[in-house]
Structures are given as structure tokens and as C-alpha cells.
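Below: the structure, in C-alpha cells.
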Amino acid sequence: MAATYPCSQGRPVLVGLINTIESNAAMLSEIDGATGDGDHGINMSKGARRTREVLGNQEVTVGQGLEMIGNVLLTEIGGAMGPLYGSFFNEMGGACQGVEFIDKATFGKMLGAAVEIMQDLGGAKVGDKTMMDALLPAYDAYKMALAGDPDLTTALQSMIMAAEEGKESTRNLVAKLGRASRLGERSRGTLDAGATSCSLILRSLADTLGGGS
Amino acid sequence: MAATYPCSQGRPVLVGLINTIESNAAMLSEIDGATGDGDHGINMSKGARRTREVLGNQEVTVGQGLEMIGNVLLTEIGGAMGPLYGSFFNEMGGACQGVEFIDKATFGKMLGAAVEIMQDLGGAKVGDKTMMDALLPAYDAYKMALAGDPDLTTALQSMIMAAEEGKESTRNLVAKLGRASRLGERSRGTLDAGATSCSLILRSLADTLGGGS
Amino acid sequence: MQRIINDPALVVEDMIEGFVKTYPHLVEKTGNPRVIKAVGIPRQGKVGVVTGGGSGHKPAFIGYVGRNLCDAVAIGEVFASPSAQIFFDAFKAADSGAGVACLYGNYAGDNMNVKLARRMAEKAGIRVETVIANDDVASAPLSEREKRRGVAGEVLMWKVAGAKAATGAPLEEVIRVAQKAIDHTRSIGVGLTSCTIPAAGKPNFYIEPGKMEVGIGHHGEPGISVMDLKPADEIARLCLERILPDLPFNSGDELVALVSGLGATPVMELYITYSKIHDLLGEAGLKVAHAYVGNYFTSLEMMGITVTLMKVDDELKELIMAEAESMGLTQSKLA
Amino acid sequence: MQRIINDPALVVEDMIEGFVKTYPHLVEKTGNPRVIKAVGIPRQGKVGVVTGGGSGHKPAFIGYVGRNLCDAVAIGEVFASPSAQIFFDAFKAADSGAGVACLYGNYAGDNMNVKLARRMAEKAGIRVETVIANDDVASAPLSEREKRRGVAGEVLMWKVAGAKAATGAPLEEVIRVAQKAIDHTRSIGVGLTSCTIPAAGKPNFYIEPGKMEVGIGHHGEPGISVMDLKPADEIARLCLERILPDLPFNSGDELVALVSGLGATPVMELYITYSKIHDLLGEAGLKVAHAYVGNYFTSLEMMGITVTLMKVDDELKELIMAEAESMGLTQSKLA
Ligand SMILES: Nc1ncnc2c1ncn2[C@@H]1O[C@H](COP(=O)(O)OP(=O)(O)O)[C@@H](O)[C@H]1O
Ligand SMILES: Nc1ncnc2c1ncn2[C@@H]1O[C@H](COP(=O)(O)OP(=O)(O)O)[C@@H](O)[C@H]1O
Ligand SMILES: [Mg+2]
Ligand SMILES: [Mg+2]
Ligand SMILES: [Mg+2]
Ligand SMILES: [Mg+2]
């Protein structure tokens, strides 16, 4: 159980994210393929691969690391994923700039900033069958946990449980945005690819920052 | 048995040709479809239909009738069939211009003129799997019959028997010209569409001019 | 997948290479490999006209960079928006200090990336104004016009704005005519077959043989209805029935028509369809000032057609009739 | 058959209607519904440039009627030569008394119909000379060049002869440059899929998925070999290996390149392939004076590509660079 995470240790955070994305790429494309164009894993892993190249052997702070992957996504990926996840990481990174240790409040600010820009850019709501179905409940759970005054690790655990549940909820939704909306009712019955990647990404952050699982 | 055919009676000759082509159109397309693009019947019957329209209720001489169908084919059909069969009928018609009765010698001249222009235009030889495989043996047989001094009807019978045999010979040939040449060896085993139509056309002419069968 | 490509992941890079080798008299590379600009751009005092979007729609978007058309283009992956950075670099490539008109189609990814790119431009002191094409009547009801997609009508928007910018008009004026162009433009698409994104390797969606999908989008977005394939004359009628009342186009109006194939449609079919459209417009008392018929905005090897009409006044008409030169659209000055 | 047509028997008629409605500033009808001529033709003293062929190859043939290109076209059924009468009427439409250059491709039907049409023209006192394009290296060995088919190289022949005729050159000169153009031109095609003639309703031939046919003709005439589908770079190399030694093109030569899609090929693939061709030509010491890449000569919805090279001297280059305007080829004067 950790109460804080040292901001100087950005490299494990970033490597954790990269590894998570790369090792789940095929699965993410497969899920996207059921209702979309089957490239979600390709899009995400392209960003991960490029981030690994940019990172090289550098040591980075958490803020630098998150902004690094954010900028790679923003500048090199395009589509809807580039700006959404790119801004997500950039805002997260920006919110811990100048901080020495990430405590539960700081992470709350980081997550809040990330959620805000995603809503601003993407405009998706819970129930639209997008990554917001994982992200928004996860943020709510985290805030709720904070109110109950747990440590960082426990709050992060609440977050990923809610993200996982949110992801599972997409299975019974009909897609309203993006390519999968072509299928209408037929999109029901499969997970949403973005919600799946979002849940994985939050879990990776929680694993590293919370030192847990 | 007829020794001559009155040139004034062109209408039955032309109507015979038109009916023959139209009633065999589907079969000709089917044969063409096996190795070519399946339009030989379409091409020929378009010419026949237009000739019927141009003819209307007119009485015509044999020469006029043959030039009528020849000109329709030449002006309205295009492709390779238009000029080949168009010139075929035009030359036949031209060769009996100014004649009162078609006797065996006149028909020999008509057929010879038709054969000559087909060779000049198309350049196909026996064995290329084209209509010439029916036409050239038919002309040879007619000339041979003439040498033996039969009447018109008998000479015409020799002609159509040779045409029929020539047509059948195409079944074992490999196409060297036209679309069917795409198939190479695979074109073996089916009749040639043009040889089939040529044999039918010669039979129709023989039936009317020879007054027989 | 019957495709003439090398690495499926590099089709856009490879395409751009071939494109600049083909049109050295019209376009050139920039510092960003995903940004191409017209020769001689930026030009002192001229507003930069920028567009961008996913690849696979050729001539769109790259094919409208040239003389009196777009000045720079942001090039995305196949059917995916270019990144914010690419849009921003296109702004930089086109800006002479007179500002940039960014004219693009209404898609989630493009909206987000342009939004972010504008923020970057603001910080860099580049003035960027946008017009978002939303000419596709099938993608939302008129009451929610802001939700509609941009399709082939974008070509007319670029033509008009490109001609205006070439006169040295200020940014506000270029934006005004671009907005006016798209506000006066309505489109609809009919799809007959799907297409295959090279990186995916299998068709993007499916249309049954003997069926057609009316209102389909450029990436296979769902249409209004799937019905039995109709004769060209009926398709022409169906399209106009959707388009004409939407603006509305009224008897006496003059218009520009654009009929585009979706990629694999034999070009003769475009003329067959346009023939009926022309006649139906005449019957409705509408006068065609000019018609574009060809492959102006495609979706890889989809079969199908889009029909676009723009109602013109003297200003729009003059801008359409102006000379232009690019891979996708070269015309001498028309009367 | 996913087709946007009306009566399959009338696709050509319907197409012509739409075509003349689209380009009233460029072309007009004549007394023969199968003959279209350029506006302002015949022009006193100008040699008439005529072409003709089957339909379904758009822009060929009708799309090359215009300014500084062909003056009249004889239009046949889909993939079938126009009749002798149609060719003859095209001669009449184009002749101002200065004679007619009939520039067409080497196909049995076209040869026969032009031969007969020339006889008709002779009787009518119209001087007609012909040049028969035979640029397709795959259709016969060099020793039997007269048997080779004409393919996309015809476009360069029309461009050269059209530009020459526009200068007021006499018939002998127009024929000389057209013959020179085609003698210096070599092409090859690669097919990936078949196509369906509307009146037939089923594919014309078949290519297995994963295979390609090198040397295929514009109507599916058999190629040199069917092989596994190769990457674009390999296809580029294969094509040049056939073309370059045939003329031959030698290091130091200057040339014009034309890469055309066969109809359904996504246009980005043409640029991907041209990119490699450009580089390979450079490696061979050959200089590209100008490149045309696009759909210049198609076969309905076939997938595939044709590669054409023309070796140019100053005369041919100048004629290629001249201004031209038609549906299929509009260019300003190039440097
Ligand atoms: N407006 C939006 N806001 C948030 N997420 C979105 C939005 N639109 C789509 N998505 C997410 O994007 C995911 C698909 O991403 P991806 O496959 O990489 O891109 P594309 O749909 O362009 O192929 C969907 O599963 C969905 O979760
Ligand atoms: N050079 C030629 N001379 C004579 N007949 C020919 C020649 N080329 C093709 N043919 C004939 O044409 C027939 C096909 O005619 P048709 O199907 O009407 O035209 P197409 O081949 O243009 O579709 C073939 O069966 C063959 O007999
Ligand atoms: Mg995608
Ligand atoms: Mg996807
Ligand atoms: Mg045919
Ligand atoms: Mg045939």
C-alpha cells in the first residue's frame, strides 16, 4: 500500500503503459473488428511503439512521461484516438507538473483534467458505447473513494474496478458514435474497443502508481 | 429441284435470313458464351431486327435484299461481325445485280465475292476457329459440285453439307483469333459461334434459293 | 485483397512520394511528410487555404492542392483524420501572415484534430478560421444540420474559396464565401459495394448484390435505407427528391452540379445518371450553370455515386467559373 | 451485376446524352448519334483528328475530344468497334477539306471498319490517313509489332497529333508526328480483376484472388503470364523489364510516362506504383519530362494498371507540353 508515488520515477509508468498497449494490441483490434474497422489495436500500438522509440534510455518524470506519450499520440496518430488519448495523457501529465509526489489528491486532479478534455473534444456520454463508458464511472468511483479517505492504492483499486464494470457495460449497448454505429442493433453483444483499452490503460496506471496488485 | 431462282423474289430470301438469325440468336449467344463474351446472338439479331424494320412491306430483288441486310450490318452493327457479315451480304448482293435468274454459276460468283472480301477483311484461315472454318470448305464444295455439273439445288446441298462439317470441325480447334483465343487450349471442345451462324446462314440461303428441303 | 501496394502500413507515405514526383509543377513537400503545399506558397498577402482529411478519397484531399484551389493539405491515414500536428503544420505551410482558412469535412476525428491544431496556431500567432462542410443530407435531419457529414460538396467549397483567395481577398471574405458555398450545397450518396482498407485486409462493410444503400457515407457510414438496386433514372430521381427540398432549390434558381463516382463505378454510369439529373433539374425549372461529372471524391474501390448541387448567385458562379489547376480539377476560365 | 444503368442495350446512347449535357463548352452532337465532335470543328484549313473505338474505356475515346486533341470520335458499343458508317461520319464531321488523320488502336474490328470507312471516304472525296496504335508489348513479339494491340499509348498519340494539328500543320505532318509518337511508345498492362459488360451481365473472364495477369489486354485479352500478386514495387519493376528493352529506352533518353488505372484501382495505388517507376527510370539514367498518372484509359471496373513510356525528342516533348482541354485531359502549357 502506497500513499504517494515519486514523480521522478516516470519511466516505469511510461514503460508500463507501452507494454500494456502492445501486449493487448491484437485483442483490441479483434474487438474493434467485431463492430468497427478492426484497427484500434493498430492505432494504439503505433503510438506505443513510437513512444518507446522517443523514450529510448531516458529517465523522465511522470509528467514528462505522460506528456511524451500524449504528444506522440497527438502529433503522429491522428484519427479520433490521437486527439482523445493524446489530450488525455497530456492533461494528466500537465496536472502533475511541478509536483514531487503524486498523492491521491494529485491523481484526482490528473484524472479530472483528462476526463474534462475528453468530454470537451469527444462529446461522448455514458451509454454511447465509447471509452467514456469506462472512463466516467472510473472517475466517479475515484472521487467517491477520495471522499471516504482511503490511501492512493485503494482509491486506484476502486477506479479500476469501476472502469472494468463500465467496460463490461458496453457489451449490452448499441453504438451511437463512430464506425460501429453503422451496425445499430447488431453492435449489441460485443465490447467496445475504446472502453476496453481505457480500462487497460487505467489499470496499468494504477498498477504502477499504486505499487499494488 | 430448281435450276434457277428468280431475282425478283428477294423478299423470301431476306425474310428467311432474318427468321433464321432471330430464331437461333439465343443458341448463338450460348455458344459464344462458352469461350467468348456471349454476345454473338445479340449482335446478329440486332442486325436482323433492324433489317426487318428497314424492309417493312417492300418487295425487293435478291440483290437489293442482300445489300439491305449488308448495309444494316455495315452501318449499324460494328464490332467484327458488322464489317464481316455486312460485306459478305453486300458482295453477294452486288454479284447478282442486273441478273434476272440466279443459276448455279451466278451463285458461285456471289459466294466467291463474299468469300474474297471476308478473307481480305478478316484474314482468318481454316483452322483459326472462326466462321471461315465453315465458309471456306462450303465454297470449295460448291465449286467442286459445279465442276460435276449438278443443278443449283444439288450444288447448294453440297455447300451446306460442307459448311456443317466445317462447323463441326471447330469443336476440336483451339481459337487463334478473337476473344476466345484468351482460353487457349480450354477453347477446345466447343463449337465456334461464327462458324455456327455461318452454317445457318448458308443453309437459309440454300433453302430459299434451291427451293429445297 | 487485390491491391497494388507495398507495405500496407505505408500506403500513404508511398502514395505521397509518387504524387509529388508526378506533379512537381504544382505541389511540393514541406518539413512535415504529411503536409503538401502548392508551389509558390505562402504568397505574400494571400490567405492560405488549407484542407485535410483521411486518405483513400482521391482526388480528395491532396488532389485539390494547386493553383486557385487549396494551398496546403493535411494528409491522414486511410479513412482517418490527420493529427493535430499535421493540421498545424499545414497552417504554417500556407500562412503568409494573412491568415488561414481551414476548410474541411464534419467528422469527429477531424473536428478534434482541427480544434487542437487551432489552439497550437493561436499560440504561434497564426490566425485560423474554419468552415466545416456538412453537405450530406442523409446524415442528419435539416434541424440538426451541424451533425451532417461533409462529402463531395467540399470540392465546390474549395473551388469557391480557392478562387476567392487567389484574388487577394482578406480572410473574412474567404471564409464568408466558403461558408456561403457550403450553406448553398446539398449532397447525397448511393453505395453499391464496399471497399477494403489495405491495413485491414478485408471489406469494411457489406452490401448485398442486387441492393443499394441510399445515403451511405464516404467511409460506409449507414445510409437512410437499403433497397433493391434501381435503374439509373430512378437513382437520379431518388437523389434529387432528397436534395431539392432540403435547401430548398426553387424554380428559377441557377446551380452547379457535381456527380462523382465512389471509386470503382465505371465512368459511363456517371454520365448515364447525370443525363437524367440534368433533365429532372430542367423540369423543375432549375438551370445548370456548370456540371462536374467524374471521380471527384471517392472511397477506395467502392461502387456508387454521389450527387451534389450548389445553388449559385453571381458571386458563387463567377468563382466556380474561374480558372484552376490541380491533379483533381483543372479548368480554363469558363464563360 | 452492381450497375447504375437503365436499359443495358442502351448504355452507350444514355452515356452520350449525359456527356454532351456535361460538356457543352467542349463538344457537340452531329447528325450521327454515335459521332461527337469538338465545338467549332471543322475549322477552315485544320486537319481533322479522328479516333474511335468501343465504349467502356473512359476517358477513352470520347473524353479526348476537345481543344488541341481529337476533333471527332466514332463511338462503338461496349468493347466493340464502331461501324464503318460511324467512322465515316466522324471523318465527315472533322474534315474541313484539309483531310483527316484517323488515329486508333489495333483491333480486328476497328481495322475492318476503318478500312471500309476509308473506302467510303475515298468515294466522297475526303482524304483520310491512318495511324494504328500498337504500343502493347505483351500482345506479340517485337518481330511481329504489326500484330500488337493499341492501349494507353494512344492517349500520347492523340496528345501529340492534336497539338500538331492545332498549329495548322498539313495532314502529312500530323500523320508523321502521330506515327512517330506511337513508334516511340511502349505499354504493358497488369490485371487483378475482371469486369462485366452490362449487356452480358456476367464477368468477361476471371482472375483468381491473390493472382495477377501480366500483359493482359483492355478487354481481358490473354496476358503473358498469370502469377502471384506482387508488391507494387515488383509490379513496377516487372513492367519496366518488359518495356525498356523493347524500344529500347537507353540511358540519357528523355521520356513521358503514363500510368493509368483500369477503372476500379484505387487512385492511390497508381501513385504508389509510379513512385517506384520514377525511381527505377532514374536509376536507368532515363529522365521523365512529364508524367501522367490517373485514369486515362480504363476497362469498366477492372482492377489493374497500365504503364506506358514514350521516348521524346524536342518535337514530341513540345507537343506533349502544349495546352489541351477535354474531359480526359486538361492541361495548361507546361514548361
Ligand atoms: N466521440 C468519441 N468520444 C470518445 N470515444 C470515442 C468517440 N468516438 C469513438 N470513440 C472510441 O473510439 C474507439 C475506436 O477507435 P479506433 O478503432 O482506434 O478508431 P476508428 O474508429 O477511427 O477506427 C471506439 O471503440 C470508441 O470507444
Ligand atoms: N478475323 C476474323 N475473321 C473471321 N471471323 C472472325 C474473325 N475474328 C472473329 N471471328 C468470328 O467472330 C465470332 C464472334 O463474333 P461476335 O461474338 O459477334 O463478336 P465479338 O467477338 O466481338 O464479341 C467468332 O466466333 C469467330 O467466328
Ligand atoms: Mg480506423
Ligand atoms: Mg477502428
Ligand atoms: Mg462482343
Ligand atoms: Mg462475342
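In what follows, chains are A, B, ... by sequence order, proteins preceding strands, each numbered from 1. Just so you know, these numbers use all the heavy atoms, side chains as well, and skip hydrogens, waters and symmetry mates.
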If you measure from the Lys or Arg side-chain nitrogens to the Asp or Glu carboxylate oxygens, is any gap between Arg34(C) and Glu77(C) under 4.0 Å?
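Salt bridge flag = yes for Glu77(C) with Arg34(C).
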So, are Glu301(C) and Arg3(C) salt-bridged, with charged N and O less than 4.0 Å apart?
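Result for this pair is yes, salt bridge flagged.
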Side-chain donor-acceptor distances from residues 52-60 of chain C under 3.5 Å, at least two apart:
residue: Ser55(C); atom: OG; partner: Gly76(C); partner atom: O; Å: 2.7
residue: His57(C); atom: ND1; partner: Thr298(C); partner atom: O; Å: 2.7
residue: His57(C); atom: NE2; partner: His219(C); partner atom: NE2; Å: 3.1

Of all heavy-atom pairs between [X] and [Y], which one has the smallest distance, and what is that distance?
X         : Y         : value
Pro24(C)  : Val39(C)  : O-CG2, 3.7 Å
Ala163(D) : Ala322(D) : CB-CB, 4.0 Å
His25(D)  : Leu334(C) : CD2-CD2, 3.5 Å

For [X] and [Y], indicate whether the former's side chain and the latter's backbone hold a donor-acceptor pair under 3.5 Å.
X         : Y         : answer
Lys159(C) : Glu154(C) : no
Thr273(D) : Ala236(D) : no
Lys211(C) : Asp228(C) : no
Ser194(D) : Phe205(D) : yes

Picking from [options], which has the most non-hydrogen pairs under 4.5 angstrom with chain C?
options                                   : answer
Met302(D), Met268(D), Glu323(D)           : Met268(D)
Gly63(D), Pro231(D), Cys195(D), Ala232(D) : Ala232(D)
Leu192(D), Ile4(D), Ile272(D)             : Ile4(D)
Ala264(D), Pro266(D), Ser332(D)           : Pro266(D)

For Glu325(D), check salt bridge (Lys or Arg N to Asp or Glu O under 4.0 Å) against everything at least two apart and list the hits.
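In terms of salt bridge (Lys or Arg N to Asp or Glu O under 4.0 Å), with neighbours along the sequence ignored, Glu325(D) is linked to Arg67(D).
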Among the listed options [options], the residue most often paired with chain D at heavy-atom distances under 4.5 Å:
options                                  : result
Lys230(C), His278(C), Lys21(C)           : Lys21(C)
Asn6(C), Val267(C), Ile62(C)             : Asn6(C)
Val11(C), Leu270(C), Leu10(C)            : Val11(C)
Val288(C), Asp7(C), Thr265(C), Asp279(C) : Asp279(C)

Using side-chain heavy atoms (C-beta onward) and a distance below 4.5 Å, is [X] in contact with [Y]?
X         : Y         : value
Val78(D)  : Val12(D)  : yes
Leu280(D) : Arg237(D) : yes
Ser187(D) : Thr306(D) : no

Which portion of [X] sits near chain C, non-hydrogen atoms under 4.5 angstrom:
X         : value
Met303(D) : side chain
Met1(D)   : backbone
Leu229(D) : side chain

Tell me, yes or no, whether the heavy-atom count around Glu254(C) atom CD, taken from other residues, nucleotides or ligands under 6.0 Å, exceeds 12.
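Yes, because the 6.0 Å sphere around CD of Glu254(C) holds more than 12 heavy atoms from other groups.
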Does anything in residues 289-297 of chain D get under 4.5 Å of chain C by heavy atoms, and if so which residues?
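Residues in range: His290(D), Ala291(D), Val293(D).
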Can you tell me if Thr330(C) and Thr330(D) form a side-chain donor-acceptor pair at under 3.5 Å?
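Looking only at side-chain atoms, Thr330(D) and Thr330(C) do not form any donor-acceptor pair under 3.5 Å.
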Interface residues of residues 13-20 of chain C facing chain D - non-hydrogen atoms under 4.5 Å apart:
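When heavy atoms of chain D are the reference, residues 13-20 of chain C contributes Asp14(C), Met15(C), Glu17(C), Gly18(C), Phe19(C) within the under-4.5 Å range.
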Between [X] and chain D, with a heavy-atom cut-off of 4.5 Å, which part of the residue counts as in contact: side chain, backbone, both or neither?
X         : value
Ile277(C) : neither
Ile235(C) : side chain
Leu300(C) : both

